[in-house]
Amino acid sequence: MDIHLIWAQDLKSAIGKNNDLPWYIPEDLKNFKQLTLNQPIVMGRNTWDSLKFKPLPKRRNIVLTSKNNIESADTFDSLDHLLSDLINKKTKKIFVIGGAQIYKLFWGLATSLHITIISDKCENADTFFPFSMDDIKNDFRLILSRDLTNSAQYQYWERN
Ligand SMILES: NC(=O)c1ccc[n+]([C@@H]2O[C@H](COP(=O)([O-])OP(=O)(O)OC[C@H]3O[C@@H](n4cnc5c(N)ncnc54)[C@H](OP(=O)(O)O)[C@@H]3O)[C@@H](O)[C@H]2O)c1
């Protein structure tokens with residue numbers, strides 16, 4: 001199974017603030033939608049709570065949580081239970097869409113990374129991607145990059 005991690009970060013690895021994104025970049029949201037449409041998406045409970053509209057349409061929404069009180073998504077209480085289900089369903093590809101706890105959980109399993117690097121400064125962030133660009137460069141190689149805006153660059157990486 002291909003496991004794709006997708007996130008947007010600033011140059012200091014900030015990804016979140018007050019359980020929300022620290023920025024609003026329509027071009028990045030559009031890119032996110034294009035990439036993830038019709039694919040299963042996996043997220044943590046905090047990221048699920050942060051979504052303004054949920055479930056995200058035309059995608060299997062999967063939430064990792066110790067609680068079982070979400071009706072409009074498939075919930076799992078552990079990585080092992082989720083992986084068993086994905087294997088049983090012969091799932092070929094998933095997108096892990098955050099947040100920090102869930103990126104950390106999947107890091108060793110990730111086959112590809114989709115990173116939007118935002119060069120604007122983000123003040124008072126409280127959530128950070130748990131691995132550095134050096135960690136990324138150690139395990140993955142850059143396949144392509146393209147500018148989404150003057151200050152947002154999309155990068156696609158594959159594991160070495
Ligand atoms: N910039 C980006 O691209 C991006 C993308 C996504 C999210 N974000 C931001 O990241 C922040 C949220 O990240 P976060 O790290 O606080 O939270 P998170 O990773 O979204 O969710 C954490 C929650 O997931 C559940 N969980 C974690 N590990 C689990 C496991 N092994 N088994 C079962 N459940 C597990 C727990 O939920 P329970 O407490 O319910 O058990 C935990 O409290 C927000 O600010 C959000 O906007 C940014």
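Keep in mind that this is a model prediction, so the values were computed, not measured. Order of listing sets the numbers, starting from 1, for every ligand and every atom in it.
Of the protein's non-hydrogen atoms, the one nearest atom 44 (C) of ligand 1 is Asn19 OD1, 3.3 Å. Residue, atom and distance of the protein heavy atom nearest to atom 33 (C) of ligand 1 are Asp77 O, 3.3 Å. For atom 16 (O) of ligand 1, the closest heavy atom belonging to the protein is Asn46 ND2, 3.0 Å. The protein heavy atom nearest to atom 1 (N) of ligand 1 is Ala8 O, 2.8 Å. Protein heavy atom in closest approach to atom 4 (C) of ligand 1: Leu21 CD2, 3.6 Å.
Between Phe95 and His4, the ring center distance clears the sub-6.0 Å criterion. The ring of Trp7 has its center no closer than 6.0 angstrom to the ring center of Tyr154.
Between Lys33 and Asp28 there is no salt bridge, since none of the side-chain N atoms of the basic residue sits less than 4.0 Å from a carboxylate O of the acidic one. Under 4.0 Å is where a charged nitrogen must lie from a carboxylate oxygen, and between Lys52 and Asp20 at least one such pair does.
By the salt bridge (charged side-chain N to carboxylate O under 4.0 Å, His left out) test, Arg141 is found to be paired with Glu158, residues two or more places apart in sequence or in another chain being considered.
Looking at Lys17, Met43, Arg45 and measuring to atom 37 (O) of ligand 1, the nearest heavy atom belongs to Arg45. Heavy-atom proximity to atom 30 (C) of ligand 1, evaluated over Val96, Ile70, Ile118, Leu105, is greatest for Leu105. Within the set His81, Gln101, Lys67, the minimum heavy-atom distance to atom 43 (O) of ligand 1 is found for Gln101. Closest heavy-atom approach to atom 5 (C) of ligand 1 within the set Tyr103, Phe106, Trp7, Phe32: this belongs to Tyr103. Scanning Leu82, Ile102, Asn68 for the heavy atom closest to atom 29 (C) of ligand 1 points to Ile102. Considering only non-hydrogen atoms, atom 26 (N) of ligand 1 lies nearest to Leu64 out of Leu64, Asn69, Ile15.
Here the side chain of Thr47 pairs no donor or acceptor atom with the backbone of Met43 at under 3.5 angstrom.
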Taking only distance into account, with no hydrogens and no angle test, what donor-acceptor pairs under 3.5 Å do side-chain atoms of residues 121-136 form with protein atoms, sequence neighbours excluded?
from	atom 1	to	atom 2	distance (Å)
Asp126	OD2	Asn18	N	2.9
Ser132	OG	Asp134	N	3.3
Ser132	OG	Asp135	N	3.1
Ser132	OG	Asp135	OD2	3.2
Asp135	OD2	Ser132	N	2.9

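Between Leu148 and Gln153, every side-chain heavy-atom pair lies at or beyond the 4.5 Å cut-off.
The contact set between ligand 1 and Asp20, taken as ligand atoms under 4.0 Å from a residue heavy atom, comprises 44 (C), 45 (O), 47 (O). For ligand 1, the atoms closer than 4.0 angstrom to any heavy atom of Ser66 are 38 (P), 40 (O), 41 (O). For ligand 1, the atoms sitting less than 4.0 Å from at least one non-hydrogen atom of Thr65 are 33 (C), 34 (N), 37 (O), 38 (P), 40 (O), 41 (O), numbered in the order shown with element in parentheses.
Under 4.0 Å from ligand 1, the heavy atoms of Ser78 that appear belong solely to its backbone.
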